[in-house]
Amino acid sequence: MLNNRGCSGSGSSTLRKHNHIITERKTRYEPEEGETHTQRMKERGGKGGSQPSVNERYTQWKSLVPILYDWLANHNLVWPSLSCRWGPLLEQATYKNRQRLYLSEQTDGSVPNTLVIANCEIVKPRVAAAEHIAQFNEEARSPFVKKFKTIIHPGEVNRIRELPQNSKIVATHTDSPDVLIWDVEAQPNRHAVLGATESRPDLILTGHQEDAEFALAMCQSEPFVLSGGKDKSVVLWSIHDHISTLATDSGATKSPGSNGGKSPKADEKPTESPKIQARGIFQGHEDTVEDVQFCPSSAQEFCSVGDDSCLILWDARTGSSPVVKVEKAHNADLHCVDWNPIDENFILTGSADNTVRLFDRRNLISNGIGSPVHIFTNHNAAVLCVQWSPDKSSIFGSSAEDGVLNIWDHNKIGERSGPASKFAPGLLFRHSGHRDKVVDFHWNSHDPWTIVSVSDDGESTGGGGTLQIWRMIDLIHRPQEEVINELEKFKSHILTCSSP
């Protein structure tokens, strides 16, 4: 399956990909400007009209995988996962790396809901043979993804976030007011069978008055946790607040859920997980808070979005009221937000109005309402997740209920002219490998152009989900002059290889 892309692979496969990058990707994938909502719905449903159905679009996409991708792994999930996050890097080898991946299993109740820790083999750039990466069975599990450990979760896992200072520590949201903290290395591996006792979290964060289901973030600079919920509040905790308790606890070296590495006995009374109270509760939203995010350089500054169509900036040092409240940031509920980790002036939001909006914190409001720098319009359904690249300040991704994950470069806005101007400004790449709503994705900080994405395929395939780990071919995102120079070398290389 792997090669070093030498004379027979490197030149021919890379050049073949480049020849089709602009013509194939653009003309087949991107909707025409002015396309109506009815036309878009026909494309999604496949009923009437000339627009391709979801399956037709997928078939088109799969035929282009050897051209558009450097590497792709497709992994069928028996149960859908609403979240996917990269964990620590475990091993680096010549042609691939091994890394932890955090997933979940959202079941129908016949077996318990679980938090899954998997080991992934990630093929390095320019190693996988182009002719092999599209040869996968949609109903099969990928050999690159192996389940390592299962934690029986109290309720379904709606959101997973890892602690940047120690990615073996993760927080989860379920349908409750609490945030659950897990030391995934200390937790024992459990068998998810009906009637099994739930694993016990290492720590429970309390403070919400109603369920907090989705809004969850971990701070880059300190072990702080942020959450939002149906009580319209944003809640802040510090895991440090529990350190003194752990130090005096005779069982501090053991996970509360570990039970010495054994499964709980039926007659054994469960030990309660330790709890910590919030450092701050922040009020300002008028409806459910759907997502939260820290300022990358500060544990005291953060932002939130909600079903009240507002984007709010907070500073814990100035009190529990908003610093800036952006009314009508979108024309509908806001689902997601992300703060640029490289250029902290920029904040992204995604909404049920199908758009992604870019805000500059220095100029958030005009005439009393939100004043975005740019509105990105290419999705045909509600945007569920937005995330900046950890490596390039102008690059970000967005995923939506339309089954598409778009990669954007806001520096490219306005660059195109002529026939290409009909395409969405700033759109770099469309990943159309999912056949239903893409509920989460995560850039890999150890391999910045490698992305893991997950879709909930319940409506289209009768259950389950799809996990994909993928990397677009670098000819798409590298500087144009650099790409042209490389292709000229490949051209000479191919002519040399093909000469008698």
Side-chain angles (χ1 to χ4, degrees), residues 164 215 217-222 224 226 228 234 236 280 282-286 289-351 353-378 383 385-398 406-415 424-428 443 448:
M218 300 284 233
C219 178
Q220 288 288 334
S221 56
E222 296 185 50
F224 280 32
L226 198 62
V234 175
L236 177 69
F282 303 85
Q283 303 284 351
H285 281 285
E286 297 173 8
V289 179
E290 294 287 358
D291 201 10
V292 291
Q293 190 56 257
F294 281 98
C295 173
S297 63
S298 172
Q300 305 297 328
E301 297 177 74
F302 39 91
C303 62
S304 59
V305 296
D307 291 344
D308 55 4
S309 301
C310 292
L311 163 67
I312 297 181
L313 271 61
W314 312 84
D315 190 331
R317 296 165 295 194
T318 64
S320 59
S321 298
V323 173
V324 181
K325 185 173 184 177
V326 182
E327 304 273 2
K328 295 184 179 179
H330 282 259
N331 299 323
D333 298 356
L334 273 73
H335 291 158
C336 46
V337 64
D338 198 26
W339 204 316
N340 194 312
I342 301 170
D343 187 341
E344 294 180 3
N345 289 316
F346 291 126
I347 295 172
L348 285 171
T349 56
S351 168
D353 66 8
N354 304 358
T355 71
V356 176
R357 301 195 177 192
L358 174 64
F359 288 91
D360 188 327
R361 66 187 296 197
R362 298 164 295 188
N363 186 25
L364 288 166
I365 299 172
S366 177
N367 298 322
I369 62 173
S371 178
V373 175
H374 188 76
I375 300 175
F376 298 88
T377 55
N378 186 257
V383 178
C385 183
V386 292
Q387 189 182 124
W388 291 102
S389 163
D391 186 57
K392 303 289 184 182
S393 64
S394 64
I395 303 289
F396 66 91
S398 63
N406 284 330
I407 304 298
W408 307 84
D409 184 348
H410 72 76
N411 280 347
K412 302 293 185 183
I413 296 171
E415 279 194 7
L427 184 61
L428 183 67
W443 297 84

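Quick note: residue numbers are just sequence positions, from 1.
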* Asked: Roughly how far apart are Leu358 CG and Leu348 CG, rounded to 0.5 Å?
  -> 5.5 Å
* Can you name the residues that form a ring pair (Phe, Tyr, Trp, His ring centres under 6.0 Å) with Trp339, not counting sequence neighbours? -> none
* Asked: For Val324 and Ile312, what are the C-alpha separation, side-chain angles and deciding distance, and is it a side-chain contact (heavy atoms from CB on, under 4.5 Å)?
  -> CA-CA 6 Å; Val324 181; Ile312 297 181; over 6 Å; no
* To do: State, without any angle test, whether Ser320 and Gln283 hold a side-chain donor-acceptor pair at a distance under 3.5 Å.
  => no
* Taking the side chain as C-beta and beyond, is there a heavy-atom pair between Glu290 and Cys336 under 4.5 Å? -> no
* Structure fact -> For Trp443 and Gly397, the nearest pair of non-hydrogen atoms, with its separation, is CZ2-N, 3.9 Å
* To do: Give a yes or no on whether the ring-centroid distance for Phe346 and Phe396 is below 6.0 angstrom.
  => no
* Between His335 (side chain) and Gly350 (backbone), is there a donor-acceptor pair under 3.5 Å? -> no
* Side chains of Arg361 and Phe359 in contact at under 4.5 Å (non-hydrogen atoms) -> no
* To do: Would you check if His410 and Phe376 make a side-chain contact, meaning some heavy-atom pair closer than 4.5 Å?
  => yes
* To do: Could you walk me through whether Leu226 and Val234 pass the side-chain contact (heavy atoms from CB on, under 4.5 Å) test, one step at a time?
  => CA-CA 7 Å; Leu226 198 62; Val234 175; 3.6 Å; yes
* For the residue pair Cys303 and Val337, establish whether any side-chain heavy-atom pair is separated by less than 4.5 Å. => yes
* Asked: So does Lys392 have more than 12 non-hydrogen atoms from other groups sitting under 6.0 Å from NZ?
  -> no
* Structure fact -> Shortest non-hydrogen pair, Trp388 vs Pro341, comes out as CB-CD, 3.6 Å
* Pair Ser394-Asp409, side-chain donor/acceptor within less than 3.5 Å -> yes
* To do: Could you tell me whether the side chain of Asp353 and the main chain of Asn331 form a donor-acceptor pair under 3.5 Å?
  => yes
* For Gln387 and Asp338, test the side chains for any donor-to-acceptor distance below 3.5 angstrom and give the result as yes or no. => no
* To do: State, to 0.1 Å, how close Cys219 and Ser298 come at their nearest heavy-atom pair, and which atoms those are.
  => SG-O, 4.0 Å
* To do: Check whether any side-chain heavy atom of Pro164 sits under 4.5 Å from a side-chain heavy atom of Met218, and report yes or no.
  => yes
* To do: Return yes if some donor-acceptor pair links the side-chain N/O of Lys325 with the main-chain N/O of Cys310 below 3.5 Å, else return no.
  => no
* Rounded to the nearest 0.5 Å, how far apart are OG of Ser371 and NZ of Lys328? -> 14.0 Å
* Structure fact -> CG of Leu428 to CD1 of Ile395, rounded to nearest 0.5 Å, is 5.5 Å
* Asked: Tell me, do His374 and Pro425 make a side-chain contact under 4.5 Å, heavy atoms counted?
  -> yes
* In sequence, state the C-alpha distance, the side-chain angles, and the governing distance for His330 and Thr349, and then conclude on side chain to side chain donor-acceptor pair (under 3.5 Å). => CA-CA 9 Å; His330 282 259; Thr349 56; 2.7 Å; yes
* Asked: Applying side chain to side chain donor-acceptor pair (under 3.5 Å), which residue pairs with at least one partner in residues 308-317 are found, sequence neighbours left out?
  -> His285-Asp308, Glu301-Arg317, Ser304-Trp314, Asp315-Arg317
* Checking side chain to side chain contact (heavy atoms under 4.5 Å, CB included) against Phe282, which of Val289, Leu236, Val292 comes through? -> Leu236
* Got a sec, which residues hit side chain to side chain contact (heavy atoms under 4.5 Å, CB included) with Pro448, two or more places apart in sequence or on another chain? -> Asp391
* Where Ala299 and Glu222 come nearest, the two heavy atoms and their spacing -> CB-OE2, 3.8 Å
* Structure fact -> To the nearest 0.5 Å, atom CD1 of Ile365 lies from atom CG of Asn363 at 9.0 Å
* **Minimum side-chain heavy-atom gap Ser398-Trp408 below 4.5 Å** => yes
* Asked: Yes or no on side-chain contact (heavy atoms from CB on, under 4.5 Å) for Ile347 and Leu313, after CA distance, side-chain angles and deciding distance?
  -> CA-CA 10 Å; Ile347 295 172; Leu313 271 61; 4.1 Å; yes
* **Candidate pair Asn340 and Asn345, rule side-chain contact (heavy atoms from CB on, under 4.5 Å), full reasoning** => CA-CA 7 Å; Asn340 194 312; Asn345 289 316; over 6 Å; no
